[in-house]
2 protein chains.
Amino acid sequence: MATPKPKPKAPRRRLSADERERLIARGAVAYFCEVGFGGQTRELARRLGITQPLLYRYFPNKEALIDRVYQEVYLNRWDPRWEELLDDHARPARERIIAFYRDYAKAVLSYEWIRIFMFSGLRGMNLNNRYLTLVRDRIYTRVIRELRLEHGLPTPAQLPISEMEFELVWGLHASIFYLGIRKWIYGLEIPENVEALIEGLTTAFLDGVPAVMTRMAKKPRRRS
Amino acid sequence: MATPKPKPKAPRRRLSADERERLIARGAVAYFCEVGFGGQTRELARRLGITQPLLYRYFPNKEALIDRVYQEVYLNRWDPRWEELLDDHARPARERIIAFYRDYAKAVLSYEWIRIFMFSGLRGMNLNNRYLTLVRDRIYTRVIRELRLEHGLPTPAQLPISEMEFELVWGLHASIFYLGIRKWIYGLEIPENVEALIEGLTTAFLDGVPAVMTRMAKKPRRRS
DNA sequence: GGCGCTAACTATCAAGCGATAAGCAAGACT
DNA sequence: AGTCTTGCTTATCGCTTGATAGTTAGCGCC
């Protein structure tokens, strides 16, 4: 090439502080999701089309930026209607549970959510645990309660939920979450029709788990 | 403290090249499993009780060290007897599948395996995919074959294994693998008696999945 | 259309980190 | 005991990277 082209150099654009901060936060989510929290501030700035020191005008340091990423991803991902949905006794339990997982999957099986969740887990954050406790207390308990009700087993008030029952529900949860891992962490293809898939997994769960639950409710727990 | 203590400085120990290399490799596995591949060579050396440049006498660069970590963790983790176990028609299919997953879990639910698997996935390595293809071809196909046989469904030769069948088995796999994620990535407690847990999960699977499989074999596949 | 506020940039520091070069010393062999 | 091999260390380079200081210029306002 004859033209050395000194620099493309986009014209300096001046945004309001709020707007720029949001832009940086969004960009940080996208960037750190992709490369992990070891990603460099210079590369993040480059992707945002700004200079690296500008980041430090909006965030005191890199850690603050990462905290913001957590906030962006973790907050506002919980839909309170999930609990209502699971409580709605007008519909059959089976239908409710399938509907819930269909909806839950839509919220959670995203690139950002799955990867941030993994990265923060590997980093030793306890945000994961806080979230998973929420899932356990708000969702698993409801699923188990409804299953017990449907199969004429004692209510959780009468007989506390056993470890095994929690584990079985966690197994369903895992099989759905793992779809996200396969897609967004391993980079594998998963079936196009995720809804049908979740319906199949949940159906298999609903067909298989009550038998185990019933068996465990009758037999005393065997110690290893 | 009155004693400034200039340096503990362990006496220089001279090992054979082979021995030292193995030591470094082992240490690298432990270190990179813990902190990820962004870990620093200096810190690794410190943990090994050697100086950092010594690493470069045994490995040309950090990447080679990481490759070695992959080798150490991925290789020799596959037990060919798993396939034999699943093929052993002297035992009931249910018993074989439970026995397999009990054994498989023992091999795979380790700190090193789980974390390296995640780190390499997040890094975009395709080693995961190679491994998972192996699992699919050697294990899932066998599980499905045996389940079909037990429930009077066509053999895979007569009717190819459907996507949904693979997905259901992948669901079982996920629910077991997720135990490792919970323990070694999220840092959560999991039940002590993992064997009983796996038995419960597999039983629920075996009770629930055939119904779905039978249904799908009879009904034509519904498109979304 | 000039002026001021401040968003954004240029330049740079200091610590961190992968990697290399040259010298030292532990153990083996005679 | 002397010496030779080579495992291991000290010293250091050069680039990277988070963070700071000082300068420039876009936009609103009168």
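Chain letters run A, B, ... following the sequence lines, proteins first, then strands; residues in each count from 1.
Contact annotation: A/Thr41 reaches the phosphate of D/dG18 (side-chain N/O to OP1 or OP2, under 4.0 Å).
The distance between atom CD of A/Glu43 and atom P of D/dG18, rounded to the nearest whole Å, is 11 Å. Per the geometry, CZ belonging to B/Phe59 stands 15 Å off C1' belonging to D/dG7, to the nearest Å. The nearest whole Å value for the distance from the CG atom in B/Asn61 to the P atom in C/dA19 is 5 Å. Distance, B/Arg42 CZ to C/dG16 P: 10 Å, rounded to whole Å. In this structure, CG of A/Leu44 is placed 10 Å from P of D/dG18, rounded to the nearest angstrom. The nearest whole Å value for the distance from the CG atom in A/Leu65 to the P atom in D/dG18 is 10 Å.
Applying a 4.0 Å cut-off to non-hydrogen atoms, the residues of residues 46-58 of chain A that approach DNA chain D are A/Gln52, A/Pro53, A/Tyr56, listed by residue number. DNA chain D is contacted by no residue of residues 17-25 of chain A, taking any non-hydrogen atom closer than 4.0 Å.
If you run side-chain contact (heavy atoms from CB on, under 4.5 Å) between B/Tyr101 and each of B/Leu172, B/Val108, B/Leu201, only B/Leu172 comes through.
B/Gly39 comes within 4.0 angstrom of sugar-phosphate atoms only, judged by non-hydrogen atoms across all strands, and of no base.
Counting only N and O atoms by type, the side chains of B/Glu165 and B/Trp170 include no donor and acceptor under 3.5 Å apart. Side chains of B/Tyr178 and A/Ser175: a donor-acceptor N/O pair is absent below 3.5 angstrom, by distance only.
The list of salt bridge (Lys or Arg N to Asp or Glu O under 4.0 Å) pairs with a residue in residues 109-134 of chain A, not counting sequence neighbours, reads A/Glu63-A/Arg123, A/Arg77-A/Glu112.
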Enumerate, atom names and distances included, each donor-acceptor pair closer than 3.5 Å involving a side-chain atom of residues 64-71 of chain A, sequence neighbours excluded.
unit_1  : atom_1 : unit_2  : atom_2 : d
A/Arg68 : NE     : A/Glu72 : OE2    : 2.9
A/Arg68 : NH1    : A/Glu21 : OE2    : 2.9
A/Arg68 : NH2    : A/Glu72 : OE2    : 3.3

Show the atom names and distances, to 0.1 Å, of all donor-acceptor pairs under 3.5 Å that link a side chain in residues 34-47 of chain A to residues at least two apart or in another chain.
unit_1  : atom_1 : unit_2  : atom_2 : d
A/Glu34 : OE1    : A/Arg47 : NH1    : 3.0
A/Thr41 : OG1    : A/Gln52 : NE2    : 3.1
A/Glu43 : OE1    : A/Arg46 : NE     : 3.0
A/Glu43 : OE2    : A/Arg46 : NH2    : 2.8
A/Glu43 : OE2    : A/Arg47 : NE     : 3.1

Please step through side chain to side chain contact (heavy atoms under 4.5 Å, CB included) for the pair B/Leu134 and B/Ile139, ending with a clear verdict.
CA-CA 8 Å; B/Leu134 196 71; B/Ile139 305 299; over 6 Å; no
Would you check, one step at a time, whether the test side chain to side chain contact (heavy atoms under 4.5 Å, CB included) holds for A/Leu54 with A/Arg20?
CA-CA 10 Å; A/Leu54 188 57; A/Arg20 178 66 76 190; 4.1 Å; yes
Going through the distances and angles, do A/Glu167 and B/Arg182 end up as a salt bridge (charged side-chain N to carboxylate O under 4.0 Å, His left out)?
CA-CA 12 Å; A/Glu167 290 300 326; B/Arg182 280 161 60 192; 2.8 Å; yes
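The 12-atom threshold is exceeded at CD of B/Glu95, counting heavy atoms of other residues, nucleotides or ligands nearer than 6.0 Å. Few gaps surround CZ on B/Arg91; more than 12 heavy atoms of other groups in view lie less than 6.0 Å from it.
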Give the B/S/- string for nucleotides 25-30 of chain D, one per nucleotide from 5' to 3', where a protein heavy atom under 4.0 Å of the base yields B, of only the sugar-phosphate yields S, and otherwise -.
BBS---
